[in-house]
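Have a look at this one.
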Number of protein chains: 2
Amino acid sequence: MDDSTRQKYDSRARIIKAMGHGTRLFLVDELSRGERCVCELQELVGADMSTVSKHLAVLREAGIVKDEKRGNQVFYSLRCPCVLNFFACVESVMQTSATQAVELAR
Amino acid sequence: MDDSTRQKYDSRARIIKAMGHGTRLFLVDELSRGERCVCELQELVGADMSTVSKHLAVLREAGIVKDEKRGNQVFYSLRCPCVLNFFACVESVMQTSATQAVELAR
DNA sequence: TGGCTAATTGGCAATTTAGCCAAATAGATA
DNA sequence: TATCTATTTGGCTAAATTGCCAATTAGCCA
């Protein structure tokens, strides 16, 4: 694999990787229902504010969410709702695995 | 976030995370064109055979690919072709980022 | 059996990531 | 201005990931 090909796949993987964490996946799911400020998300996640902020930064740097400061709050929202398609596919992968497990058990 | 919710998102994230690596994304893309044996993939990737084998194991454990031994070769193929939908979404995220960058520059 | 090829596994060092606390920044408001 | 709230950043440690080499496993064939 040459350098430019590697770079192409690495940059795409970076975006997917940003979703590859339980907390960040939860954040994306929550944001699919509308914009939320960091303090709301922190409440829902139940981790340190700084931890949530850093997860949001990862999603922002990947281009998945955008932030907007209003007053002294920062509101996050999905910039590319197509990421929600990931959920359906993931369910289907899990379904396939579960089905296969049952078949193997027979 | 309670334990079972966390578990739900973690298990889903694990599948996405498996795709979140340049080499593994390349492998998935290549397998979308049909089954390949490890040695073919190793040739294409250009890394150590053991490295490629481990990446394939990550994809297999996530339920994204399946393996089939024939003779002394192991053939891998996509178990859930829906993962290819990821590519279109990733392109769209990159497109949005690029467009925004151009707008900001103006 | 012995040797060959294909693939996986074990083990290691280097790098990256995650999550917490403390400190800094920024807007609102008294 | 002083203070309060919301958020980000810096710094640290623990844990996970990556990729290579070496060793092992497994099938094929002479």
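When reading the values below, keep in mind they use all heavy atoms of this one structure, side chains included, and skip hydrogens, waters and symmetry mates. In what follows, every chain begins at residue 1, and chains take the letters A, B, ... in the order their sequences are listed.
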- Query: Going by number, which of residues 67-75 of chain A have a non-hydrogen atom under 4.0 Å from DNA chain D?
  - Reply: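 N72(A), Q73(A), V74(A), in order of number.
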
Distance-only donor-acceptor pairs under 3.5 Å for side chains of residues 24-31 of chain A, two or more places apart:
| from | atom 1 | to | atom 2 | distance (Å) |
| --- | --- | --- | --- | --- |
| R24(A) | NE | A18(A) | O | 2.6 |
| R24(A) | NH1 | H55(A) | ND1 | 3.1 |
| D29(A) | OD2 | Y9(B) | OH | 2.4 |
| E30(A) | OE1 | R33(A) | NH2 | 3.3 |
| E30(A) | OE2 | R36(A) | NE | 2.8 |
| E30(A) | OE2 | R36(A) | NH2 | 3.0 |

- Message: OP1 or OP2 of dT8(D) versus the side-chain N and O atoms of S53(A): is any pair under 4.0 Å?
- Response: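 Answer is yes, contact under 4.0 Å.
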
- Item | Close approaches to DNA chain C from residues 12-21 of chain A, in residue order (heavy atom, under 4.0 Å) |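 Result for residues 12-21 of chain A: K17(A), H21(A), sorted by number.
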
- Straight-line distance of K17(A) NZ to K17(B) NZ, nearest 0.5 Å: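 Separation between the atoms: 8.5 Å.
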
- Message: Quick check for you: to the nearest 0.5 Å, what is the distance between S50(B) atom OG and K54(B) atom NZ?
- Response: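 Answer rounded to 0.5 Å: 5.5 Å.
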
- What is the distance from atom CG of D2(B) to atom NZ of K8(B), rounded to the nearest 0.5 Å?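 Atom-to-atom, D2(B):CG and K8(B):NZ are 10.5 Å apart.
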
- Flag side-chain contact, heavy atom, 4.5 Å: C37(A) against E40(A):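 Of all side-chain heavy-atom pairs linking E40(A) with C37(A), at least one is under 4.5 Å.
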
- Taking C-beta and beyond as the side chain, do R6(A) and T23(B) meet within less than 4.5 Å on heavy atoms?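 SC-SC contact between R6(A) and T23(B) confirmed.
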
- Do NZ/NE/NH1/NH2 and the carboxylate oxygens of R70(B) and E68(B) come within less than 4.0 Å?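 Between E68(B) and R70(B) there is a salt bridge, with a charged N closer than 4.0 Å to a carboxylate O.
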
- Task: To the nearest 0.5 Å, tell me how far F86(B) CZ sits from C82(A) SG.
- Result: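 Answer for the CZ-SG pair, F86(B) versus C82(A), is 11.0 Å.
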
- Query: What's the spacing between D10(A) CG and T5(A) OG1 if we round to 0.5 Å?
  - Reply: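 One gets 10.5 Å once the value is rounded to the nearest 0.5 Å.
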
- Message: When both hydrogen-bonding distances must be under 3.5 Å and the geometry is Watson-Crick or G-U wobble, what is dA30(D) paired with, if anything?
- Response: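 dT1(C) is the nucleotide pairing with dA30(D).
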
- Task: Starting from the 5' end of DNA chain D, give me the residue, Y76(A) or H55(B), whose nearest nucleotide shows up first.
- Result: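 Mapping each residue to its closest nucleotide by heavy atoms, the 5'-most match is Y76(A).
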
- Query: Along DNA chain C, 5' to 3', what are the outermost nucleotides having an atom less than 4.0 Å from a heavy atom of chain A?
  - Reply: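 Terminal contacting nucleotides, 5' to 3': dT17(C) to dA28(C).
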
- Message: Side chains of T51(A) and V45(A), heavy atoms from C-beta outward: is any pair under 4.5 Å?
- Response: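 They are not in contact (no side-chain heavy atoms under 4.5 Å apart), so the answer is no.
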
- Message: Rounded to whole Å, please give me the gap between CE in M49(B) and C1' in dA23(D).
- Response: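 Atom-to-atom, M49(B) to dA23(D), this comes out as 15 Å.
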
- Task: May I ask you to test the L56(B)-D67(B) pair for a side-chain heavy-atom distance under 4.5 Å?
- Result: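 No, side chains not in contact.
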
- Task: Indicate, with a heavy-atom threshold strictly under 4.0 Å, whether A57(B) touches base, sugar-phosphate, or nothing.
- Result: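 Nothing: the residue A57(B), judged by heavy atoms under 4.0 Å, touches no strand.
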
- Task: Would you classify S50(B) as touching base, sugar-phosphate or nothing, given that sugar-phosphate means primed atoms plus P, OP1 and OP2, and contacts are heavy atoms under 4.0 Å?
- Result: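 Since a base atom lies under 4.0 Å of S50(B), the category is base.
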
- Task: Please list residues of residues 25-43 of chain A whose heavy atoms come under 4.0 Å from any atom in DNA chain D, ordered by number; otherwise none.
- Result: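 Nucleic-acid contacts, sorted: C37(A), V38(A), C39(A).
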
- Task: Quickly work out the K54(B) NZ to dA16(D) P distance and round it to whole Å.
- Result: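 About 16 Å, once rounded to whole Å.
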
- Item | Approximate separation, where rounding is to 0.5 Å, of C39(B) SG and Q42(B) CD |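 Answer rounded to 0.5 Å: 8.0 Å.
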
What donor-acceptor contacts under 3.5 angstrom involve side-chain atoms of residues 89-97 of chain A, with partners at least two apart or in another chain?
| from | atom 1 | to | atom 2 | distance (Å) |
| --- | --- | --- | --- | --- |
| E91(A) | OE1 | R12(B) | NH2 | 3.2 |
| E91(A) | OE2 | R12(B) | NE | 2.6 |
| E91(A) | OE2 | R12(B) | NH2 | 3.2 |
| Q95(A) | NE2 | T99(A) | OG1 | 3.4 |
| T96(A) | OG1 | S92(A) | O | 2.8 |
| S97(A) | OG | V93(A) | O | 3.1 |
| S97(A) | OG | R79(B) | NH2 | 2.5 |

